[in-house]
Amino acid sequence: MLFILVASCNKNDRPKVDKMVIATSMKDQNIEQYKLENSNGVVVELLNLGGIITSIKTPDSSGKIADIALGFDDPKKYLESHPYFGAIIGRFGNRIAGGSFSLDNKDYQLAVNNGSNHLHGGIKGFDKVFWDAKSFSAINASRVVLHYLSKHMEEGYPGNLSITVTYTLTSDDILKVRYEASTDQKTIINLTQHSYFNLSGDFASQILDHELMINADAFLAVDENQIPTGAHTAVAQTPFDFSSFKTIGKDFNAENKQLEIGNGYDHCFVINPSETAMVEAAVVQHPKSGRVMKVFTDQPGVQLYTGNFLDNTLTAKNGGTYGPQTGFCLETQHFPDAPNQPNFPTTTLNPGETFTSETWFQFSVK
Ligand code: BGC
């Protein structure tokens with residue numbers, strides 16, 4: 001493996017960004033690894049491959065730094081099959097029933113890569129492509145700007161879609177993810193970030209002891225194929241009630257049809273309406289380490305996925321393997337299957353419009 005340190009900028013205490021190039025056996029396709037770092041010891045590493053966040057290091061309440069994002073030690077491992085660790089997901093995150101939808105009475109068939117569904121952009125979604133990356137360092141933030149042109153009919157989606165994702169690490173420990181996209185033909189879009197977190201920093205331990213609050217009075221119940229029925233189901237008096245802090249494990253094993261279908265939590269929550277553009281969608285705290293993560297977004301939904309399909313086949317960073325519930329995802333997004341559900345907020349993007357969206361992950365201790 002070839003590591004070349006290409007650039008490093010650090011003036012005084014300002015957040016800094018480093019870049020490393022890792023040669024692959026593919027022509028012209030080197031993996032570039034970027035490291036965003038601030039003076040509080042928060043470090044975020046990411047790749048031009050899939051925009052994958054490979055690690056997030058944050059201090060615990062005693063100042064001890066640990067990596068809290070699941071993934072691999074060796075960046076080349078991300079070229080192999082994995083469950084979307086840390087990746088940007090698109091063109092359409094989550095499921096589309098039958099992989100089909102229509103726009104202006106024209107039917108489109110996408111790849112079917114999850115039972116009878118299309119999942120997370122298809123066989124070669126945004127998680128598997130190489131993005132053009134540029135890094136910047138400013139007074140209060142360092143950032144990496146990723147760009148990708150998704151060609152007309154790539155994975156079956158109409159329109160040439162130009163997309164920019166900007167990762168920014170601020171001096172106050174917020175990792176901001178900003179998405180911007182435009183198209184030359186009517187298309188659909190639903191972008192998310194698929195980091196798996198374990199705030200303990202110990203990937204051998206389950207996340208069931210993490211306390212979670214989700215700002216949602218309702219979630220989208222799903223059918224046997226994990227496609228939303230369309231109904232907003234009240235969380236009250238169900239295992240899905242995270243309206244005040246509760247450990248993820250509290251009701252995890254409750255007898256409940258929805259938990260049975262998802263093999264655990266794997267559902268989109270309907271974020272409560274707000275007057276402000278950025279809403280605090282979820283807060284997770286890990287009492288033992290004191291780590292807290294807040295998730296803010298302007299999207300209508302957040303998918304809670306508790307790593308139910310992690311099955312000890314992938315080697316964890318610090319040795320061992322990733323087992324069920326050793327990580328959780330909070331994937332901010334539009335609602336699954338929205339192109340087929342007229343009552344869901346639209347995911348159509350028209351030429352001449354610019355899609356923009358932001359999600360922030362704020363790290364702190366308690
Ligand atoms: C989905 C899960 C899926 C997982 C793949 C999640 O976003 O909701 O159903 O298994 O991604 O890692």
Side-chain angles (χ1 to χ4, degrees), residues 50-54 69-72 77-78 80-99 110-128 177 179 189-198 203 207 212 214 216 219-229 240 242 248 252 257-271 281-282 295 297 299-314 316 321-338 344 347 359 361:
I52 292 171
I53 293 178
T54 57
L70 276 65
F72 304 120
K77 273 272 170 206
Y78 292 98
E80 296 167 19
S81 166
H82 66 92
Y84 306 93
F85 280 150
I88 295 168
I89 305 295
R91 226 179 259 202
F92 199 97
N94 217 315
R95 294 175 171 80
I96 296 178
L110 306 170
V112 165
N113 58 332
N114 171 254
S116 56
N117 306 316
H118 175 84
L119 176 71
H120 290 340
I123 293 162
K124 190 172 181 188
F126 292 175
D127 57 297
K128 294 182 189 70
V177 189
Y179 308 88
I189 188 165
N190 186 19
L191 303 171
T192 191
Q193 217 295 329
H194 209 290
S195 284
Y196 289 68
F197 299 94
N198 186 325
F203 303 127
I207 46 79
L212 172 64
I214 303 181
F219 75 106
L220 301 175
V222 292
D223 66 16
E224 299 284 349
N225 292 323
Q226 287 187 272
I227 294 295
T229 59
F240 291 80
F242 287 98
I248 296 176
F252 193 85
K257 187 70 189 160
Q258 287 297 313
L259 286 174
E260 197 185 303
I261 294 173
N263 272 299
Y265 295 105
D266 191 0
H267 295 79
C268 188
F269 287 71
V270 180
I271 298 169
V295 182
T297 190
Q299 293 294 282
V302 60
Q303 179 95 358
L304 169 64
Y305 173 57
T306 47
N308 310 323
F309 300 109
L310 296 173
D311 58 2
N312 286 307
T313 52
L314 296 171
T321 52
Y322 291 118
Q325 288 86 51
T326 52
F328 68 87
C329 304
L330 285 165
E331 305 156 42
T332 55
Q333 56 190 246
H334 264 259
F335 298 163
D337 198 36
F344 286 177
T347 48
T359 291
F361 300 95

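First listed ligand is number 1; within each ligand, the first listed atom is number 1.
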Less than 3.5 Å apart, any donor N or O on the side chain of [X] or [Y] sitting next to an acceptor on the other?
{"X": "Q258", "Y": "H267", "result": "yes"}
{"X": "R95", "Y": "N114", "result": "yes"}
{"X": "Q226", "Y": "N117", "result": "no"}
{"X": "T297", "Y": "Q299", "result": "no"}

* Among all residues two or more places apart in sequence or in another chain, which pass the side-chain contact (heavy atoms from CB on, under 4.5 Å) test with V270? ->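 By the side-chain contact (heavy atoms from CB on, under 4.5 Å) rule, V270 matches A218, L220, H232, F335.
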* F85 ring center within less than 6.0 Å of F72 ring center ->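 Yes.
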Using a cut-off of under 3.5 Å, which N/O atoms of ligand 1 pair up with protein N/O atoms, and what distance separates each pair?
residue	atom	partner	partner atom	Å
ligand 1	7 (O)	H120	NE2	2.8
ligand 1	7 (O)	H194	NE2	2.9
ligand 1	7 (O)	E331	OE1	2.7
ligand 1	7 (O)	E331	OE2	2.8
ligand 1	8 (O)	D266	OD1	2.5
ligand 1	8 (O)	Q303	NE2	3.2
ligand 1	9 (O)	R95	NH1	3.2
ligand 1	9 (O)	R95	NH2	2.6
ligand 1	9 (O)	D266	OD1	3.4
ligand 1	9 (O)	D266	OD2	2.4
ligand 1	11 (O)	H120	NE2	3.1
ligand 1	11 (O)	H194	NE2	2.9
ligand 1	12 (O)	P83	O	3.2
ligand 1	12 (O)	Y196	OH	2.9

